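First the structure, in the form of structure tokens, and then the observations on it.
Note that the structure is a prediction, hence the values are computed from the model and not measured.
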Amino acid sequence: MRCWLIKSEADVYSIDDLARDGRTMWDGVRNYQARNWMRDEMKPGDPVLFYHSNGDPPGVAGVARVASAPYDDPTQFDPASLYHDPKSTPAAPRWQLVDFAFVERFPAEVPLPLLKADPSLDGMELLRKGSRLSVQPVTEAHFQRVLALARG
DNA sequence: GCCAACGTTGGC
DNA sequence: GCCAACGTTGGC
């Protein structure tokens with residue numbers, strides 16, 4: 001089992017939206033590295049930190065878990081979708097995704113400055129300068145540390 | 001709103 | 001295959 005982190009802008013799709021929906025299809029990822037993690041490495045049941053990017057401050061808002069095997073992102077075939085990819089066909093799809101299910105919402109977000117200030121999180125991909133990957137692996141130690149921070 | 005970091009595209 | 005131009009992400 002591996003641990004993960006996914007990013008979403010809270011005003012686009014937040015942990016509260018996931019709590020309401022129960023589970024969701026993580027569509028629209030159009031970065032090959034992020035796709036590869038979902039397609040090749042994620043397993044149902046893997047725990048996932050849910051990060052709100054672009055907040056003031058940004059921070060980790062809760063926990064989800066991988067809730068499906070990978071499958072083709074249907075939005076790539078839909079000309080009406082923002083995520084339509086004209087170079088992608090059902091016979092040769094480019095983009096795969098997984099579903100995520102709600103696990104918990106933290107009482108308060110763990111803010112990015114707190115993560116940055118924590119020496120035990122050194123090396124976390126999220127904290128790397130210039131890191132933009134929206135789906136990324138997290139070590140179990142880092143995952144547990146974020147949970148500990150969330151529980152104060 | 002600014003800008004650094006990064007990924008992708010396309011000309012050559 | 002190189003690399004400049006461009007678009008996007010995301011913190012500040």
Original post:
Quick one: A/Gln136 CD to B/dC6 P, roughly how many Å, whole number?
Top reply: 13 Å

**OP:** Would you kindly give the NZ-to-P distance between A/Lys129 and C/dT9, to the nearest whole Å?
**Re:** 19 Å

Subject >> Heavy-atom pair of closest approach, residues A/Gly45 and A/Met1 >> reply: O-SD, 4.0 Å

**OP:** Provide the closest heavy-atom pair for A/Val110 versus A/Val146 in the form atom of the first, atom of the second, distance.
**Re:** CG2-O, 4.2 Å

Subject >> Worked check of side chain to side chain contact (heavy atoms under 4.5 Å, CB included) between A/Trp4 and A/Met38 >> reply: CA-CA 10 Å; A/Trp4 306 96; A/Met38 288 198 287; over 6 Å; no

Subject >> Whole-Å gap separating P (B/dG7) and NZ (A/Lys87) >> reply: 17 Å

Subject >> Interatomic distance where CZ belongs to A/Arg94 and P belongs to B/dG7 [whole Å] >> reply: 16 Å

Subject >> Protein-nucleotide distance (A/Gln33, atom CD; B/dC6, atom C1'), rounded to Å >> reply: 12 Å

Subject >> Separation between OG of A/Ser88 and CG of A/Asp72, rounded to the nearest 0.5 Å >> reply: 7.5 Å

Original post:
Expressed in angstrom and rounded to an integer, what is the separation of A/Arg30 atom CZ from C/dG7 atom C1'?
Top reply: 16 Å

Original post:
Quick one: salt bridge (Lys or Arg N to Asp or Glu O under 4.0 Å) partners of A/Arg35, sequence neighbours excluded?
Top reply: none

Subject >> Gap between atoms CG and P, on A/Asn31 and B/dA5 respectively (whole Å) >> reply: 18 Å

What pairs of donor and acceptor atoms, side-chain ones from residues 49-66 of chain A against any protein atom, are under 3.5 angstrom apart with sequence neighbours left out?
from    : atom 1 : to       : atom 2 : distance (Å)
A/His52 : ND1    : A/Glu109 : OE2    : 2.8
A/His52 : NE2    : A/Ile15  : N      : 3.1
A/Asn54 : ND2    : A/Glu9   : OE2    : 3.3

Can you check nucleotides 10-12 of chain C for protein contacts, nitrogen or oxygen pairs under 3.5 Å, and list what you find?
from   : atom 1 : to       : atom 2 : distance (Å)
C/dG10 : OP1    : A/Lys7   : NZ     : 3.1
C/dG10 : OP1    : A/Arg132 : O      : 2.9
C/dG11 : OP1    : A/Tyr51  : OH     : 2.6
C/dG11 : OP2    : A/Asn54  : N      : 2.9
C/dC12 : OP1    : A/Lys116 : NZ     : 2.4

**OP:** Let me know the distance between CD1 of A/Ile6 and P of C/dT9, rounded to the nearest Å.
**Re:** 16 Å

